[in-house]
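The next block holds one structure in the form of structure tokens; read it before the comments.
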Amino acid sequence: VILILTKLYDFNLGAVTESSLWRSTDYGSTYSKLNDKVGSRTVLSYLYVCPTNKQKILMLSDPEVESAVLISSDEGASFEKYPINFNVLSLLFHPAQENWILAYSHDYKLYSSMNFGKEWQLVHENVMPGRFYWAVMGLDRESDVVHIETRIAKGRECCTSVCCCSRTRRTPLPLI
């Protein structure tokens, strides 16, 4: 299966005004437009493929129009839309657990999902851009540990992906 996301940029408005999702099941010989499956008025921003299960697709809608994730577990043959209450700047998939995702927002907040984007929980605020990562296999005992570096004086912390409260904090790994 090949998926292609196209966007129409309006130079007068300075924004993407529409998008189309195309899917091929014959190695690119033919494509079908999937806008009716994602919502004809939905403007899509990004398309992600789960690195540990290529059948799972996650797409982000344009936050200027609506904040939502669209999820497929059948290589894009169907999608379910889930609203979110934050704007995603970047996603980080867990290296072994196909349903675990970290999402970093424009306001320096880190969220986690344990069900491939259907629900999100705030892990921590004031997280430095690009300074968070999942547990390191062979070094961390639990696979749900998240290493983060914060923008405030606390420095680096380790938390579980479910919450970053005093009972789940751990000693961080040294910086490399």
Side-chain angles (χ1 to χ4, degrees), residues 3-10 13-23 34-135 143-152 157 159-165 168:
L3 293 171
I4 298 176
L5 174 61
T6 61
K7 303 178 195 179
L8 178 62
Y9 184 83
D10 187 324
L13 294 175
V16 174
T17 55
E18 62 183 80
S19 63
S20 296
L21 182 64
W22 301 87
R23 183 174 188 259
L34 300 182
N35 286 31
D36 57 330
K37 294 184 190 244
V38 299
S40 59
R41 301 191 50 88
T42 300
V43 178
L44 301 171
S45 293
Y46 296 100
L47 183 147
Y48 296 89
V49 177
C50 176
T52 55
N53 182 348
K54 304 298 184 204
Q55 292 186 341
K56 290 189 169 188
I57 311 294
L58 187 141
M59 294 188 305
L60 299 174
S61 65
D62 186 336
E64 298 294 323
V65 180
E66 68 175 332
S67 283
V69 294
L70 292 92
I71 299 170
S72 173
S73 57
D74 55 9
E75 296 181 310
S78 63
F79 286 91
E80 292 181 61
K81 186 186 287 188
Y82 297 89
I84 55 175
N85 60 359
F86 61 96
N87 295 341
V88 176
L89 184 61
S90 65
L91 292 180
L92 181 63
F93 292 87
H94 191 279
Q97 300 291 332
E98 68 184 51
N99 290 325
W100 296 6
I101 308 171
L102 294 176
Y104 185 71
S105 69
H106 290 278
D107 55 355
Y108 306 105
K109 293 179 181 176
L110 186 66
Y111 296 85
S112 69
S113 175
M114 308 306 269
N115 55 11
F116 203 71
K118 294 177 183 176
E119 300 168 307
W120 296 92
Q121 295 184 50
L122 177 65
V123 175
H124 206 289
E125 297 181 355
N126 295 311
V127 176
M128 293 289 292
R131 302 300 292 171
F132 55 90
Y133 55 97
W134 284 105
S143 60
D144 68 341
V145 170
V146 177
H147 295 271
I148 60 173
E149 187 173 331
T150 59
R151 297 172 28 135
I152 53 179
E157 298 180 45
C159 309
T160 66
S161 58
V162 176
C163 86
C164 194
C165 50
T168 65

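A donor-acceptor pair is defined here as one N or O able to donate and one able to accept, closer than 3.5 Å; such a pair exists between the side chain of Asn35 and the backbone of Leu21. Counting only distance, with no hydrogens or angles, the side chain of Ser72 and the backbone of Ile57 share no donor-acceptor pair below 3.5 Å. Judged purely by atom type and a 3.5 angstrom limit, Tyr104 uses its side chain to pair as donor or acceptor with the backbone of Val127. For Ser112 (side chain) and Val123 (main-chain N/O), no donor-acceptor pair under 3.5 Å exists by modelled atom type. Of the possible polar contacts, none joining the His94 side chain to the Thr52 backbone as a donor-acceptor pair under 3.5 Å is found.
Asp10 has its side chain out of reach of Leu8: every pair of non-hydrogen atoms, C-beta onward, lies at least 4.5 Å apart. At a threshold of 4.5 Å between non-hydrogen side-chain atoms, the residues Phe79 and Ile71 do not count as touching. Taking the side chain as every heavy atom from C-beta outward, Tyr48 and Leu60 approach each other to under 4.5 Å. Counting only heavy atoms from C-beta outward, the side chains of Ser90 and Pro129 never approach each other to under 4.5 Å. Within the 4.5 Å cutoff, no side-chain heavy atoms of Ser105 are placed close to those of Asn87. Using a 4.5 Å heavy-atom threshold, the side chains of Lys37 and Arg23 count as separate. Looking only at side-chain heavy atoms (C-beta outward), Ser143 and Trp100 come within less than 4.5 Å of each other. Residues Leu92 and Ile101 are not in side-chain contact: their nearest non-hydrogen atoms beyond the backbone lie 4.5 Å or more apart.
Atom CZ of residue Arg41 and atom CD of residue Glu66 lie 10.5 Å apart, to the nearest 0.5 angstrom. Distance check: Met128 CE to Thr150 OG1 gives 8.5 Å after rounding to the nearest 0.5 Å. Taken to the nearest 0.5 Å, the CG atom of Leu89 stands 11.5 Å off from the CG atom of Leu110. Interatomic distance, Ser61 OG to Ile84 CD1, rounded to the nearest 0.5 Å: 6.5 Å. With values rounded to the nearest 0.5 angstrom, Tyr111 atom OH is found 7.5 Å from Glu125 atom CD. Taking CG of Leu70 as the start and CG of Leu34 as the end, the distance is 11.5 Å to the nearest 0.5 Å.
Judged as a ring-ring contact (aromatic ring centres under 6.0 Å, His included), and not counting sequence neighbours, the contacts of Trp120 are Phe86.
A cation-pi arrangement is found for Lys7 relative to Tyr46, the charged atom lying closer than 6.0 Å to the ring centre and inside a 45° cone about the ring normal.
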Practice problem: In sequence, state the C-alpha distance, the side-chain angles, and the governing distance for Trp134 and Val146, and then conclude on side chain to side chain contact (heavy atoms under 4.5 Å, CB included). | Solution: CA-CA 5 Å; Trp134 284 105; Val146 177; 3.9 Å; yes

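In terms of heavy atoms, Leu122 sits closest to Lys109 at CD1-CB, 3.8 Å. Closest non-hydrogen pair, Lys81 versus Ala68, comes out as CG-CB, 3.8 Å. The minimum heavy-atom distance linking Asn115 with Ser113 is given by the pair OD1-OG, 3.0 Å. Summarising the geometry of Ser19 relative to Leu5, their closest heavy-atom pair is CB-CD1, 4.1 Å, with the distance given to 0.1 Å.
Applying the 6.0 Å contact sphere to OH of Tyr82 captures more than 12 heavy atoms from other residues, nucleotides or ligands. Other residues, nucleotides and ligands place no more than 12 heavy atoms under 6.0 Å from the CD atom of Glu64.
One side chain, Asn99 or Lys56, offers a donor N or O that lies under 3.5 Å from an acceptor on the other.
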